[in-house]
Amino acid sequence: MSNFVEIDGSYLEGGGQALRNAISLSVILNRPVRVVKIRANRPKPGLSHQHLHGVHLLRAISQADVNGDALLSTELEFTPRRIEGGMYKVDTRTAASITLIYQMVMPVLLFANSSSRVDVTGGTNVAFSPQVEYMQQVLLPSLKRFAANTAMELTVLHHGFYPRGNGRCQLNVEPLQQPLTAAQFMDFGQFREVKGAAYYAGRLPKFIAYDLQHSAEREIHRLWPDHQCNIQVFKHTPDRARDNGAGIILTALTSTGCVLGAGSVGEKNIDGHMIGSNASCELAGYIKNEVCVDAHLQDQLIIFMALAKGCSRMRTCALSKHTRTAIYVAEQMTGVKFNIEYGDFGQTFVSCEGLGHFNNV
Ligand SMILES: Nc1ncnc2c1ncn2[C@@H]1O[C@H](COP(=O)(O)OP(=O)(O)OP(=O)(O)O)[C@@H](O)[C@H]1O
C-alpha cells in the first residue's frame with residue numbers, strides 16, 4: 001500500500017499554493033506526499049517555472065526522491081529525507097517570483113540541521129505574489145510572534161520585474177532551538193501610522209511614482225487627517241534595477257505591533273492614480289475593521305500556526321480562497337484542526353492548536 005498523503009491541488013483556489021504548502025510540510029514532517037491536479041484552476045495548469053524551481057530547491061535541501069517534476073506536470077510525488085542547511089543557489093532565468101520560492105523554503109529551513117543561505121535570481125516585485133518589501137516588512141516581523149528570536153533575514157541585491165526578472169535576493173535562516181510557540185494576532189490596539197514607498201525604475205517616468213504617492217496619501221489623509229502617512233518616492237538606480245518597473249507598497253502600524261500591508265506592482269500602461277488609490281483603500285479597509293492580519297498574510301501564517309506549540313489565533317478580514325486552501329492542506333498533512341468564527345463587523349477569527357513540531361537534529 002502507498003504511504004503517500006494525497007493532496008488535491010484543484011481544491012478551492014486550485015493554484016500553486018497548495019503544492020508549495022504540501023511539499024514544505026512533507027519535508028518538515030518527513031511524510032511523503034503526492035499532489036494531484038496541480039494548479040487545475042489556472043489557465044495553464046501544472047507546474048510553472050516558479051513551482052518547479054521551488055520543488056527542486058526542496059529536493060536538494062531534503063535529498064528527496066521526486067517523480068513528476070517537469071514543466072506543466074499535474075502530478076508530483078515527493079519523498080523527503082532529512083533537512084540539510086547550507087548554501088543554496090537558484091537562477092530561475094525568468095521573472096518567477098523569488099518570494100514564492102522563499103515561501104516554500106522558509107518554514108523548512110527553520111527545522112534544518114544548520115544555518116542556511118538561499119540565493120535566488122528571478123522577480124522581486126511581480127503580480128500575484130508578495131512583493132519582496134511585503135515579505136521584509138509584513139511577513140518577517142509577524143513570524144517573530146512565533147519565535148521571538150527567529151533569525152530570518154532577507155536582503156535584496158537587485159530588483160527584478162516582469163518580464164525579464166534579473167532580480168536577486170538572499171535569505172539567511174538560522175534553525176530553531178525549540179518549537180515555534182503559538183502566536184496571537186488578536187489585539188489591534190490603536191492605529192498609529194501609515195508608511196510606504198512608491199518606486200520606479202528603468203526608463204519609466206517619474207510622474208508615475210508621484211501619482212502613486214499622491215493618490216495613496218490623499219485617501220489616508222482624508223480618512224485619518226491627524227495620523228502620519230509618509231509615502232516616499234524613489235527611483236531604483238540602474239545598479240539596483242536594470243529594467244522598467246513601478247509599484248507601491250504600504251504598511252499600517254498599530255500600537256500593539258500589528259503590521260498590515262497593501263500594495264501593487266504596475267503593469268504595462270500603468271495608471272499610478274488607480275493603483276495608488278486601490279492600495280490605500282485596501283489598507284483603509286483593514287484599519288477600519290481593526291483586523292490584525294491582512295488578506296494576504298492570512299494564508300501565509302497557516303503553516304506556522306499548524307506547526308507551533310499551543311493555540312495560535314488571528315483576527316482577520318474575510319478568508320480568502322488561498323487561506324481556506326492552506327487550511328485544507330495543513331489539516332491533511334498535520335492532522336491539526338482549524339476553527340473559524342465570524343465577528344459582527346466582517347472580521348473572521350481563526351484559531352488552531354498546533355502540533356508543537358520539533359526536529360531534534
Ligand atoms: N499583493 C500581495 N501581497 C502579498 N502577498 C500576496 C499578494 N498577492 C498574492 N500574494 C500571495 O502570493 C501567494 C500566491 O499564491 P498562488 O497559489 O495564487 O500563486 P502561484 O503559485 O503564483 O500560483 P498560480 O500561478 O497558480 O496563481 C499567496 O500566498 C498570496 O497570499
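Counting convention: from 1, in listed order, for ligands and their atoms alike. No hydrogens, no waters, no symmetry mates; every other heavy atom, side chains included, goes into these values.
With a 4.5 Å cut-off on side-chain heavy atoms, R240 and Y199 do not count as touching. Using a 4.5 Å heavy-atom threshold, the side chains of V259 and L297 count as separate.
Of the possible donor and acceptor atoms, one in the side chain of H51 sits under 3.5 Å from a partner among the backbone N and O of S48.
Enclosure of atom CD in E153 is not indicated, since only 12 or fewer non-hydrogen atoms of other residues, nucleotides or ligands lie within 6.0 angstrom.
E13 pairs with exactly one of R42, R20, R324, R39 by the salt bridge (Lys or Arg N to Asp or Glu O under 4.0 Å) rule, that one being R42.
Closer than 4.0 angstrom to ligand 1 sit non-hydrogen atoms from G15, G16, Q17, R20, R39, R42, Q50, H51, L100, Q103, F128, S129, P130, Y134, H296, D299, Q300, H322.
Side-chain contact annotation: S280 with S277, donor-acceptor N/O pair under 3.5 Å absent.
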